[in-house]
Amino acid sequence: MNSSSFPEELITELKQRSLYRQLRTIEAVNGTSVSRTGKPLVNFASNDYLGLTQHPKLKIAAADAAQRFGAGSGASRLITGTLAIHSELEARLAAFKQTPAALTFESGYAAALGTIPALFGQGDVIILDKLAHASLIDGARLSGAEIRVYPHNRLERLAELLDWVREKRRGAKILIITESVFSMDGDSCPLAEIVELKDKFGAALLLDEAHAIGVLGPNGAGLAAECGLIDRVEIHLGTLSKAIGSSGGFIAGPSSLIDLLINRARTFIYSTAPPPAAIAAAIEGLGVIASAAGDQLRDALWRNHEVLTVTSKSPKREEVRSAIVPVIVGSEEEALSLSEELVEHGFLVPAVRFPTVPRGSARLRVTLSAAHQLQDVVNLREAINTLHAG
Ligand SMILES: *Cc1c(COP(=O)(O)O)cnc(C)c1O
C-alpha cells in the first residue's frame, strides 16, 4: 500500500464491506422530532431515555451556569477548574449512587480510559464480558494488564478464568469489568452471581451503569442499587450523557478510590474541567431522575417499551428491562437498507454493524424515550413489522 493513498484505500475497503459510516447533520431538534435535510424524523436513535436533554429545567440551569461561571471552565480540575458546581455535582452523584464519593470526567469514555489504568497495570489481570463497551476495552488495553474475555454473561467461563488466574498468575490483582445493561442488546448482567464469584476469588468489580442509570433501580440509581449490592461493587462507572440528559462521565465509590483517581487518572488530570453549563444541567437532570417526576418518566418509558414489543420479534419486557430494543437482522446490507426504508417512513433508527456488534449480527437498534408519543411508537412497530417481515 502506498502510504500517501492509504486513507482512500481503507475507505474503499470499508465501502466494499458495507461498513463505511458517514456523519449526517441534524438541522433542528424539537422534542423527539429531529430534522435532517429538511425532513422531520422521529428520533429512535438517541440515548436520551427520559427526554431530559430537552427539559426546560436543564436548559435554564445550563444557561444560568454559563452566565455565572462562563462558557468554559478555563483549566483542569487540579489547577483552577474546580468550580463550586463541580463539587456540588460530585456530592449529589455520591448521594444518588449511595457511595461515599464521586468524581466527574469529561465523558464516560474518559472516565473508563482514566480510571482503569490508574488502578491496574502490568502484572495484573483484567477480565471483561465479551460485549463490554469500547471505552472499557480501551481502558483495559491502556493499563498494560493482561486481558481475558468471557462470552457474554457466561459465568461458568468467568469462573474458569478466575481459576486460571489463581493457578497461573498467583498474586495478580484481578479486575472484572461488565456493564449492568448492555448497549447493543439491552439485556442485563447477572449481578448477584458476579459479585459472589468476585468475592470468592478476591477480585474487584467495575460496573458500567451507562444504560441503567435513570432507568433501573430505586430513583433510577441503577442495577447495583436495585439488587442491593452497592457496597459490594468496588468501582461504579456512569455517564451524564444518557438518561441524565447532559454530557460527561463519572466514577462513584469509596473516598480512597476517588482520592487516588484525582492523583492518577490521566484523563482527569490532563483535561480541562467539564464546562459549567454541562455540570449544571447534570445537577438538574439528577434532581429530576431521583424525584416523583422521574418515576413518572420511567412509567412512560416502560409503557412505550410494552407498546413497541407487544407483537414484534424483539425480546420481551421481562428479558430486556431497558430502553434499548434490538431488532436483529443479520446481514450488514439488510440492516442498512431497513434503516433507510424507515427514514422514508419518518423514523430515525440506526443500523448497528460490525465492529460495534459481532459480524453477522447487524441490527436495528431502537432506543426508546419517555418523551416518545404513544402513536409514534405504534407507527414504528407497524413499520418494522411490515418492512422486516422475514
Ligand atoms: C455511552 C457509553 C459510555 C461512554 O459514555 P459517554 O459519556 O458517551 O462518553 C461508556 N460505557 C457505556 C456502556 C456506554 O454505553
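Numbering of ligands and ligand atoms starts at 1, following listing order.
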In terms of side-chain heavy atoms, does His133 have a donor or acceptor partner in Tyr109 at a distance below 3.5 Å?
no
Where ligand 1 meets Gly248 - atom numbers and elements under 4.0 angstrom, heavy-atom basis:
7 (O)
Answer yes if the side chains of Arg353 and Ser339 hold a donor-acceptor pair under 3.5 Å, and no otherwise.
no
Quick check: does Thr239 get an N/O under 3.5 Å from an N/O on ligand 1?
yes
Number the atoms of ligand 1 from 1 as they appear, then name those within less than 4.0 Å of a heavy atom of Ser241, with their elements.
6 (P), 7 (O), 8 (O)
Is there a side-chain contact between Asn153 and Pro190, using heavy atoms and a 4.5 Å cut-off?
yes
Within 4.0 Å of some non-hydrogen atom of Gly108, the atoms of ligand 1 are 4 (C), 5 (O), 6 (P), 7 (O), 9 (O)
Out of all atoms in ligand 1, which are within 4.0 Å of some heavy atom of Asp208? Include the element for each.
10 (C), 11 (N), 12 (C), 13 (C)
Which atoms of ligand 1 are found less than 4.0 Å from any heavy atom of Tyr109?
4 (C), 5 (O), 6 (P), 9 (O)
Does ligand 1 have any atom that is closer than 4.0 Å to a heavy atom of Ser183?
yes
Taking the six-membered ring of Phe354, is NZ or CZ of Arg359 closer than 6.0 Å to its centre and within 45° of its axis?
yes
What is the closest protein heavy atom to atom 14 (C) of ligand 1, and at what distance does it sit?
Lys242 NZ, 2.8 Å
Which ligand 1 atoms does Ser135 reach within 4.0 Å, using its non-hydrogen atoms?
10 (C), 11 (N)
In terms of the angle between their ring planes, are His152 and Phe182 parallel, tilted or perpendicular, with boundaries placed at 30° and 60°?
perpendicular
Give me the ring orientation class for Phe44 and Phe347: parallel if the planes are under 30° apart, tilted from 30 to 60°, perpendicular past 60°.
tilted
How would you list all residue pairs meeting salt bridge (charged side-chain N to carboxylate O under 4.0 Å, His left out) that involve residues 244-270, not counting sequence neighbours?
none
